[in-house]
Structure formats: structure tokens, C-alpha cells
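First the structure, in the form of C-alpha cells, and then the observations on it.
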Amino acid sequence: MSTATTNGASNGAAPKDEPVEKKEPNGTVDAGLKSLEHYKRALPRWRYRLRQRLLPIVRWETPHLARLQRALRTPALDYYFAWTANLGTHTFFMIMLPVLFWCGEPAYGKGIVHILATGVFFTGFIKDMFSLPRPLSPPLHRITMSGSAALEYGFPSTHSANAVSVAVYSLLKLREHSAAFSPSTALALEVLAYFYAVSIVFGRLYCGMHGFLDVITGSALGALISLIEFHCAPWIEEWLQSSSYLAPLTIVLFILLFVRIHPEPADDCPCFDDSVSFAGVMIGLELGTWRFARYSPLAPVYVGTNPTFDLSALTWPVALGRIVLGIAVIVSWREVMKPTLLKLLPHLYRVFETYGLSLPRKFFTPASKYKDVPLRGLKDDNVLPHVADVAKAVKSIRGPGRGRAVSVGPQSAADAYETLAWRERKRRESLSRERNALKSKKSVGGLQKGEQQVECRQVSGVRSGGRKEEFEQGEVVEVVSEGELELEEEEELLDEKDVFSRVVKPRVRYDVEVVTKLVVYAGIGWLSVDPILILFELIGLGTGQYPGLNLR
């Protein structure tokens, strides 16, 4: 497959043969031509150049990924990789991470939160900066149990970053404390870490959700984040706990600065929402651990690299009770605070707008454009689902191959634009080949009057049901692989008017949701490492080392 830059615009300038935008009567850009200019208009020049340099790689990968998928797919593997992908999602980690703080591993838990929050934030940052699509579908089949994953850009893979960062950090901690484990246990844990990372990363390729560039970059980013956390976090933690309130305040301002400079995407991509959510978790975590370590009488039990809290001292019913109560508190906080903030903040935002103080983002509706945020049915969270959606989510869990678990075709605006751009590029290449063939025939004696032109191609292999390829002796116009030919033919089956009709329509997003997510998720981080631990002691689910706090 040719890796020529799309639209011939690697230098930011439009090629000579690129069609001029056609305007419809209402002033909007025609869908067939909009795809050619959309990213050039939506992105700054330097970001557009970077995107155009990487886009050919995404296109080159597609037929190879399709062949890989066709060669390996079985119903059992579809089911396995669709299910195990959940082990790399934000929701899984948001439910599991607090357990580490409540059950005796606060230092390890804080490190995992750091690497995951950093990974989610910066993969979202890079996704919105480059605005690169996922590999084309068709020919790929996308296997996923998530309704929102396909709305995000592909480069880099957040799943891969999450899985590799957790595996690398866990291996580093395991080797640091190898004396605490028997050789057989240490070996089993190492194998489990490697298997977890490889399974998630390869599963993204198998499921057609990412290409090689996506998972390699995501994996490298995850490993780098873990190495930085392992070697640098102890210094930062020591500085944080030995400093005044200026230390956590500095960290909070630093996080908010990165939220502010998060790039605007070219399409309505929810990457920013996930980045904001985990930025909020980081803010709450740092504030909560700083306050708890300095002022709580329980600090010697729960804080430090060698806490005296021993989980084995608790009975299983008590440990289970801690987990159930802790999750209940977090869910209750979210269910109360989110609607409260969404109801109150619009009034405050309108006041800010009158003084020109609002900081609107491209795909978020400003408060002056709406009266109230519709709380009912507002699906605004890809990290922690609404409690009312839990039953529906459980009911909808099914093996791939049914319903929407396996899909073919564009699912997001980025997919649609890329599909149309790909088709336009292939049309131009086809016209160019025909012109070259015509010149070649004229140069060897001209054409017979009424002679029919036949495009000649040589393909690697004959596919059952495909058209017969003819080529004239001594003349080969182009050599294409079977995978590339299939991709081109499958794309042509999509009616241009139907491309955008297949796209999952993104919901309306409101400006107040940014601050709402920051506050709600900062509260979740703070609750997990401070008030909930005190609550355990008050109601008799604590360690018993501070009986004055125990109400039993």
C-alpha cells in the first residue's frame, strides 16, 4: 500500500489535484468533500503536519491487521479478549484501587493511582493532539463491550498504557520486596504480570480497536511512567509530607494547569472527560494523604512504606464489610454531588460569562446557551457508571457476536472522515492510473477507435467470489496485495450518504461538567484515603489499635 501523505499535504499545503470545497445551499460543507479539508481547518498547522506524517502508518497497518484478525478469530477468543479488555478500563481500576487503601497496601495503591491517572491523562492528551483514527472498519471487525471506546481516537492505546504500567510497576515492587515471597510465589506473580500485559495489549489488535503503532506507543508510555514513578515518587512523597500546605497546593495547581492546556480535538472525542476525571482523582489523593499523614491519629497505621496495619488481623467478614461500606460511601458521594453541582454551577457560569471569565472548550455548550442540564438520562461518565445504569449494564453483558459487541463500519466522526478521505484518495489514484495507462497505450501506437479501456492489476492470490483480474502482456499498472484490494472493495460498498448515518452520535456536553468532574472525582480520591478510614474505626471495622475511636 502506498504510504503517500493523505491529500498530498504533509507540508500543510493543498495539492494541485485536490478538489475545491463544494458548499451546500445552507452553507455547510458537502460530506464527500468535507473529509478532505476537515482536519486542515480544525487543527493548528503544526498539529496537522504531525497528523499527516503518522496517518499513512495507520492506513498501512489496516490490511495487515485484517489478515491477522481473519487468521486468528474464533468464538472463544472473541469472548476472551472482549471480556479481558474490561481489566484495562477506567471503571475496573476505579472500583478496585480503593480496596488497596482499605486493605493494607496504601503505598502500593498510591503508586498505582499515580501511574494510571498519569497514563489516562497523557494518552488522552496525545489522542486529542494528533486526532488519529482507529484502523479502518471495514475490513476490520471491532470487538468491544464498550459503547464509548470507538468514539475516541486510536493513537496511543490507553488500554495498553494501563496494562503495561501496572505490570511494570508491580514487577518493580515485587523485586524490591522479593524477600517477602517464596521463590515459587514470586515466579507465579511475575508470570501473571507478564500474561496480563500481553493479553490486554494483543487483545487490542485482535479486537480491531488499535493498530501496531497505537499499542507500541501506549506500551512504551506506560513503561516510562512506571519507571518514573518507581524511582522518583519516594522523593516527591517525602517532600510532600514534610512540607506545609504549599506543597499539596503546588501539586494541585500543576495538575489544573495541565487540564487547562489539554489540546482541543478535531472531533467530538470524549478523551478530555476521562483525563479530567483522573486529574480530579489525583488532586483528591494528594490532598487527602497529606492531611491524613499530618493530622490523623491513624496515620502510623495506614501511612508509610511499612504500615503496621496487618490485613490478616481482620476476619474475612470485617474485610468484606470495609469494602462494601467504602464503595457505598463513594457511590453515595457521587450520586449526591454530581446532580447538585450540575444544578448550581450553570448560574455561576453565566455570571462569569458576563465578565468574560469563562473558559469554554470547543465541544462543550456554554451556560448562556442552555437553561438547565438535563440530569435524567445524562450519560456523562465513562469512568464510573451511574448507579441506575448498573442493572442495565449487567443485563447487557453478553458474549461478542451478539448485538453491538461485533461491529463493522465507521462508529465515530473520525472514522467517517477517514473513510471518506480514504475513498477520495483511492479515486484520485485510480484516475491517475487511468491517465498513465492511456499515455502508455498512446506511446506504443495509439488506440483503436472504440477500443474499451481495461484497468490491469496483478494481485497476490485469487479470492473466491472476486472479479477476474486481467492484464495485458508486458504492462502492469500497479501491484496491490490481496488485503489492500479487499479493503478498497469493501470501502466502496459503503454508500457515501450512509457513512455518517452509521456514526454514534455524541451527546451534548455542557461546560459545567468539567468542574463537576474535577470536584466529584477529587472527592472520591479524598474520601478513599481519609474520611473512610476514620469511619471504619468509628463503626467497628477498624484495626482496633485506637479503641477511643471505636463506638462498639
Side-chain angles (χ1 to χ4, degrees), residues 38-48 50-51 90 117-118 120-133 148-155 158 252-283 337-338 341-375 378-384 412-414 416-417 503-522:
H38 172 72
Y39 293 97
K40 191 182 296 182
R41 293 193 312 270
L43 298 175
R45 185 183 181 90
W46 67 274
R47 285 173 57 190
Y48 179 75
L50 290 174
R51 182 181 189 274
H90 317 330
T118 306
V120 169
F121 184 90
F122 281 106
T123 54
F125 192 100
I126 297 172
K127 282 181 179 182
D128 281 352
M129 177 178 289
F130 287 91
S131 300
L132 284 168
S148 62
L151 295 177
E152 297 182 1
Y153 296 121
F155 172 80
T158 303
V252 169
L253 292 177
F254 187 75
I255 294 172
L256 293 178
L257 174 63
F258 271 94
V259 171
R260 180 66 189 94
I261 65 174
H262 195 288
E264 292 277 10
D267 307 290
D268 195 355
C269 172
C271 300
F272 178 70
D273 301 55
D274 298 339
S275 297
V276 168
S277 298
F278 273 85
V281 172
M282 282 278 281
I283 290 173
M337 286 304 299
K338 189 183 79 169
L341 291 171
L342 291 178
K343 183 172 292 187
L344 297 178
L345 285 178
H347 305 290
L348 185 60
Y349 268 54
R350 293 185 191 106
V351 175
F352 289 159
E353 284 189 57
T354 60
Y355 292 98
L357 299 177
S358 60
L359 298 173
R361 287 188 65 86
K362 186 175 181 180
F363 295 102
F364 287 77
T365 306
S368 59
K369 299 291 181 65
Y370 60 88
K371 184 177 180 181
D372 296 300
V373 177
L375 301 178
L378 179 65
K379 297 185 180 299
D380 65 332
D381 208 327
N382 298 324
V383 180
L384 197 61
S412 67
Y417 292 132
V503 172
V504 178
K505 301 297 187 297
R507 66 172 185 82
V508 176
R509 294 192 286 173
Y510 303 91
D511 52 1
V512 296
E513 292 182 50
V514 177
V515 172
T516 298
K517 285 180 181 294
L518 281 172
V519 173
V520 169
Y521 280 92

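Here the structure is a predicted model, which is why all the values come from computation and not from measurement.
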Fill in: Asp267 backbone acceptor or donor facing Tyr153 side chain under 3.5 Å
yes
Worksheet item: Is the shortest heavy-atom distance from the side chain of Ile255 to the side chain of Phe121 under 4.5 Å?
Response: no
Item to complete: Mark yes or no: Arg509 above the aromatic ring of Phe364, with NZ or CZ under 6.0 Å from the six-membered ring centre and no more than 45 degrees from the axis.
Response: yes
Item to complete: Go through the steps for Leu518 and Leu256 under the test side chain to side chain contact (heavy atoms under 4.5 Å, CB included), then give the verdict.
Response: CA-CA 9 Å; Leu518 281 172; Leu256 293 178; 4.0 Å; yes
Discussion item. Any non-hydrogen side-chain atom of Asp372 less than 4.5 Å from a side-chain atom of Pro346?
Written reply: no
Practice prompt. Rounded to the nearest 0.5 Å, what's the gap from NE2 on His347 to CZ on Phe352? Could you check?
Written response: 13.5 Å
Discussion item. In the structure I gave you, are the side-chain heavy atoms of Leu342 and Glu513 within less than 4.5 Å of one another anywhere?
Written reply: yes
Item to complete: Please assess Lys127 against Thr158 for the test side chain to side chain contact (heavy atoms under 4.5 Å, CB included), listing each intermediate value before the final yes or no.
Response: CA-CA 9 Å; Lys127 282 181 179 182; Thr158 303; 3.1 Å; yes
Fill in: With sequence neighbours excluded, residues passing side-chain contact (heavy atoms from CB on, under 4.5 Å) with Leu257
Ile261
Worksheet item: Tyr39 and Tyr48: side chain to side chain contact (heavy atoms under 4.5 Å, CB included), yes or no, with the steps?
Response: CA-CA 7 Å; Tyr39 293 97; Tyr48 179 75; 4.2 Å; yes
Practice prompt. Report yes if the distance between the aromatic ring centroids of Phe130 and Phe155 is under 6.0 Å, otherwise no.
Written response: yes
Item to complete: With sequence neighbours excluded, tell me which residues meet side-chain hydrogen bond (donor to acceptor under 3.5 Å, both in side chains) with Ser275.
Response: His262
Worksheet entry | Closest approach of Thr516 to Val512 (non-hydrogen atoms, all atoms of both residues) | OG1-O, 2.8 Å
Worksheet item: Run the side chain to side chain contact (heavy atoms under 4.5 Å, CB included) check on Lys517 and Asp273 step by step: do they pass?
Response: CA-CA 8 Å; Lys517 285 180 181 294; Asp273 301 55; 3.7 Å; yes
Fill in: Over all atoms of both residues, closest heavy-atom pair of Ala42 and Lys362
CB-NZ, 3.9 Å
Worksheet item: Taking the side chain from Asp511 and the backbone from Ala367, do they hold a donor-acceptor pair closer than 3.5 Å?
Response: yes
Practice prompt. Working to the nearest 0.5 Å, report the span between CD of Glu353 and NZ of Lys369.
Written response: 8.0 Å
Worksheet item: What pair of heavy atoms forms the shortest contact from Tyr510 to Pro374, and how long is it?
Response: OH-CD, 3.2 Å
Practice prompt. Say whether, by atom type as modelled, one donor and one acceptor occur between the side chain of Glu152 and the main chain of Cys269 under 3.5 angstrom.
Written response: no
Fill in: Which atom of Met282 lies closest to which atom of Thr118, heavy atoms considered
CE-OG1, 4.4 Å
Discussion item. Out of the candidates Leu348, Val520, Val373, only one should pair with Leu341 under the side chain to side chain contact (heavy atoms under 4.5 Å, CB included) rule; please name it.
Written reply: Val520
Discussion item. Testing the basics here: between Phe272 and Val259, what is the closest heavy-atom pair and its distance to 0.1 Å?
Written reply: CE1-O, 3.7 Å
Fill in: Arg361 versus Pro265, closest heavy-atom pair with distance
NH2-CD, 4.1 Å
Worksheet item: Roughly how far, to the nearest 0.5 Å, is CG of Leu43 from CG of Leu50?
Response: 10.0 Å
Worksheet entry | Tyr370 six-ring face occupied by Arg350 cation (under 6.0 Å, within 45°) | yes
Worksheet item: Just by distance, do the side chain of Arg47 and the backbone of Asp128 share a donor-acceptor pair under 3.5 Å?
Response: yes
Discussion item. So, using ring-ring contact (aromatic ring centres under 6.0 Å, His included) as the criterion, who are the partners of Phe258 when residues are at least two apart?
Written reply: Phe122, Phe254
Discussion item. Just so I know, are the side chains of Phe125 and Pro263 near enough to count as touching, which here means a heavy-atom distance under 4.5 Å?
Written reply: yes
